[in-house]
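Report on the structure given below.
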Amino acid sequence: MISEKMYVLGSKQSCIREIFEFGLKRKQQVGEENVFDYSLGNPSIPTHKQVDNTITALIQTKNSLMLHGYTPAGGDKRAREAIAEDLNERYGMKLNADNLLLTCGAAAAVISSMKAIAVKDSEVIVIAPYFPEYTMYAESSGMKLVTVPADTKAFQIRFDELEKRINSHTQAVIVNSPNNPSGAVYSRETIYRLGKLLERKGMEYGHAIYIIADEPYRELVYDGTEVTFIPKLYANTIVCYSYSKSMSLPGERIGYVCVTDEAEDSRELLLAISGAARSMGHVCAPSTMQQMLTHCANLRPDVEAYDRNRRTLYDALAEYGYRCVMPKGAFYLFVEAPGGNAKEFAARAMRKDLLVVPGNEFGCPGHFRLSTCVSHDMIKRSLPIFRELAEEA
Ligand code: PLP
C-alpha cells in the first residue's frame with residue numbers, strides 16, 4: 001500500500017512548478033525566445049567566482065575521501081566557525097560553532113525547526129503573502145497553520161490581526177523578510193514591536209513563542225535597505241538561512257540554522273532541531289559545500305542585475321496602470337491583478353505565453369508574482385504583452 005498523503009504530495013506539483021514545466025513544453029513548440037517565463041525563483045546571476053574557484057581548488061587539492069565523506073551531523077566545525085565569525089562581525093553577535101547547524105538549504109532548516117517545536121495541538125502563524133511550502137511543512141510537522149491576512153497596501157504585519165491569532169497553542173511565527181513573494185522588508189521597529197508582542201504573549205501563556213526567521217533573501221536588498229538580524233532584538237529566534245539565493249547555489253542544498261545562547265532552552269532546542277533533521281534522513285549537509293563555506297562565508301552577492309530588472313519591470317508596469325508595491329528585497333514583484341482575480345489574469349497571460357504565478361497559494365488571490373531573476377532582454381521583449389493585458393482588462 002502507498003501512503004495517499006505522500007502520493008498526493010508527490011503527484012500534485014506546486015502551481016509554480018506546473019507553470020514552469022508548461023513553459024518548458026511551450027519553448028519546444030514555439031521557440032525559447034517566444035515564451036516569457038516569470039515563474040521560478042532560480043537565481044540568474046552567476047555563482048561568485050570565488051565560490052567556483054574554491055570548489056575547484058578543493059577538488060584538486062583535497063583527499064577525495066575527506067572531501068566527499070560524511071561530516072558530523074551538525075556540520076563541519078570549521079565551516080560553522082567561519083559562519084559564526086561572519087555573523088559576529090556583521091551584527092555584533094557572540095556566536096560560536098555550537099550555535100549553528102548546517103542544513104540542506106532553508107527548506108530543511110525551516111521544516112526541521114517546525115518539527116522540533118511541534119507538540120500536541122501546536123499552531124504556527126504565517127503572515128500572508130507567504131511561501132506556499134509552509135503549508136506542507138506545517139502539515140507534515142503536525143502543526144496547524146494559522147494565517148494572518150495580508151496588508152496589501154505595504155505588505156507589512158497587521159499587528160491587530162496577528163495578536164488575535166496568538167493563543168496558548170501558538171509555538172512560532174514564521175517571519176520571511178525580505179519576503180517571497182512581496183519583496184517587503186520589515187524594519188527594525190517592526191521586528192522590535194513583534195518581539196515585544198511575542199514576549200508578552202509568551203509570558204501570558206507560560207512558554208516561549210519562537211520566531212522562525214526564514215531568510216534565504218537576507219543579502220538581496222536594494223536602495224540601501226537594512227535587514228535586521230532578528231536574534232539581536234528577540235532572543236527566541238531560530239534563524240533559517242540558505243546560500244541558495246545569495247550565492248546562486250540552489251541545487252547544492254546548503255544553509256544553516258542559528259540559535260543564540262540567549263534563546264530559551266537554547267541547547268535543547270538545537271538538539272531537537274538536529275533530531276528532527278535526523279528523523280527525516282538529513283544526516284549531514286553536502287560536504288563539499290560545507291568546506292567551501294570555510295573559505296567563502298563572508299562573500300556577498302552583487303545584486304545590480306536584479307536591481308536593474310526590478311526597476312525596469314516596476315516602472316513599465318506602473319506606466320501601464322498596474323499597481324504594485326516597490327519591492328525592497330528578494331527578486332520578485334507582487335502585482336495586483338487587473339480585474340482582481342489573479343488566476344484569471346494568469347490564464348489570460350498564459351494564452352500569450354507570458355507565465356506569471358497567481359497569488360492564491362501565497363494566501364493572496366488578488367495578486368500575481370513575477371520572478372525578476374530572469375534576463376533583462378526577456379523583460380524588455382515581454383513588456384508589450386503586459387501592456388496588451390492591461391488594456392484588455
Ligand atoms: N523559504 C523561502 C521564502 C523561499 O523562497 C525558498 C525558496 O525559494 C525557500 C525557503 C527554500 O530555499 P532553499 O533552496 O534554501 O531550500
Side-chain angles (χ1 to χ4, degrees), residues 13-17 19-20 38-45 47 51 75 83 100-115 124-138 140-141 145 147 150 155 172-186 211-221 227 230 237-258 273 276-277 280-282 285-286 289-290 292-293 301 306 327-334 357 359 361-364 369-374:
Q13 297 220 49
S14 82
C15 159
I16 302 171
R17 288 250 156 216
I19 297 169
F20 173 68
Y38 286 97
S39 62
L40 219 56
N42 219 354
S44 59
I45 59 173
T47 306
V51 170
I83 297 166
L100 291 147
L101 294 177
L102 298 185
T103 62
C104 301
V110 174
I111 192 170
S112 303
S113 302
M114 285 166 80
K115 260 185 184 282
V124 58
I125 297 181
V126 294
I127 297 155
Y130 56 85
F131 182 50
E133 297 292 278
Y134 296 154
T135 312
M136 182 184 61
Y137 300 166
S140 83
S141 310
L145 190 90
T147 308
F155 295 117
V173 176
I174 301 184
V175 170
N176 171 224
S177 164
N179 181 266
N180 171 10
S182 72
V185 176
Y186 299 148
I211 290 181
I212 296 178
D214 180 19
E215 300 191 336
Y217 303 97
R218 189 198 297 151
E219 328 299 344
L220 307 186
V221 280
V227 180
I230 303 179
T237 298
I238 307 170
V239 175
C240 298
Y241 185 80
S242 166
Y243 295 92
S244 291
K245 318 287 177 173
S246 61
M247 284 192 179
S248 298
L249 291 174
E252 303 296 352
R253 316 306 304 136
I254 185 77
Y256 63 78
V257 164
C258 174
I273 297 170
M280 289 181 287
H282 296 308
M289 292 303 123
Q290 295 191 39
M292 174 276 291
L293 285 173
Y306 295 146
K328 290 282 183 199
F331 44 40
Y332 307 101
L333 235 60
F334 204 46
V357 181
E361 288 182 16
F362 296 93
C364 225
R369 189 189 79 169
L370 300 173
S371 290
T372 54
C373 44
V374 294

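Here, residue 1 is the first one in the sequence, and each next residue gets the next number. Each ligand, and each atom within it, is numbered from 1 in the order the structure gives. None of the values given here were measured: they were computed from a predicted structure.
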Take Ile254 and Met247 through the side-chain contact (heavy atoms from CB on, under 4.5 Å) test and state the conclusion after the steps. CA-CA 10 Å; Ile254 185 77; Met247 284 192 179; over 6 Å; no
Side chain of [X], backbone of [Y]: donor and acceptor closer than 3.5 Å?
X: Ser177; Y: Tyr186; answer: yes
X: Ser248; Y: Ile45; answer: yes
X: Ser182; Y: Phe334; answer: no
X: Asn176; Y: Asp214; answer: yes

Kindly confirm or rule out an N or O of Ser244 lying under 3.5 angstrom from an N or O of ligand 1.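 There is such a contact, yes.
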Looking at ligand 1, does any of its N/O atoms fall within less than 3.5 Å of an N/O of Asn176? no
Which of the numbered atoms in ligand 1 are under 4.0 angstrom from any heavy atom belonging to [X]?
X: Lys245; value: 7 (C), 8 (O)
X: Gly105; value: 15 (O), 16 (O)
X: Arg253; value: 13 (P), 14 (O), 16 (O)
X: Ser242; value: 13 (P), 15 (O)
X: Ala107; value: 11 (C), 13 (P), 16 (O)

Residue, atom and distance of the protein heavy atom nearest atom 2 (C) of ligand 1 read Asp214 OD2, 3.4 Å
If you scan protein heavy atoms around atom 12 (O) of ligand 1, the nearest is Ala106 CB, 3.8 Å
Relative to each other, are the rings of Phe131 and Tyr134 parallel, tilted or perpendicular (30° and 60° limits)?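 Rings of Phe131 and Tyr134: perpendicular, as their planes differ by over 60°.
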Minimum heavy-atom separation for Tyr256 and Ala109, please, with both atom names.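 For Tyr256 and Ala109, the tightest heavy-atom pair comes out as O-CB, 4.0 Å.
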As a quick check of understanding, evaluate ring pair (Phe, Tyr, Trp, His ring centres under 6.0 Å) for Tyr217 and Tyr332, giving each step before the final call. CA-CA 11 Å; Tyr217 303 97; Tyr332 307 101; 5.6 Å; yes
So, does Pro216 sit close enough to ligand 1 that a heavy atom of it is under 4.0 Å from the ligand? yes
Region of Glu133 engaging ligand 1 - heavy atom pairs below 4.0 Å: neither
Run down the list Tyr243, Phe131, Phe331 and name the one with the heavy atom closest to atom 4 (C) of ligand 1. Phe131
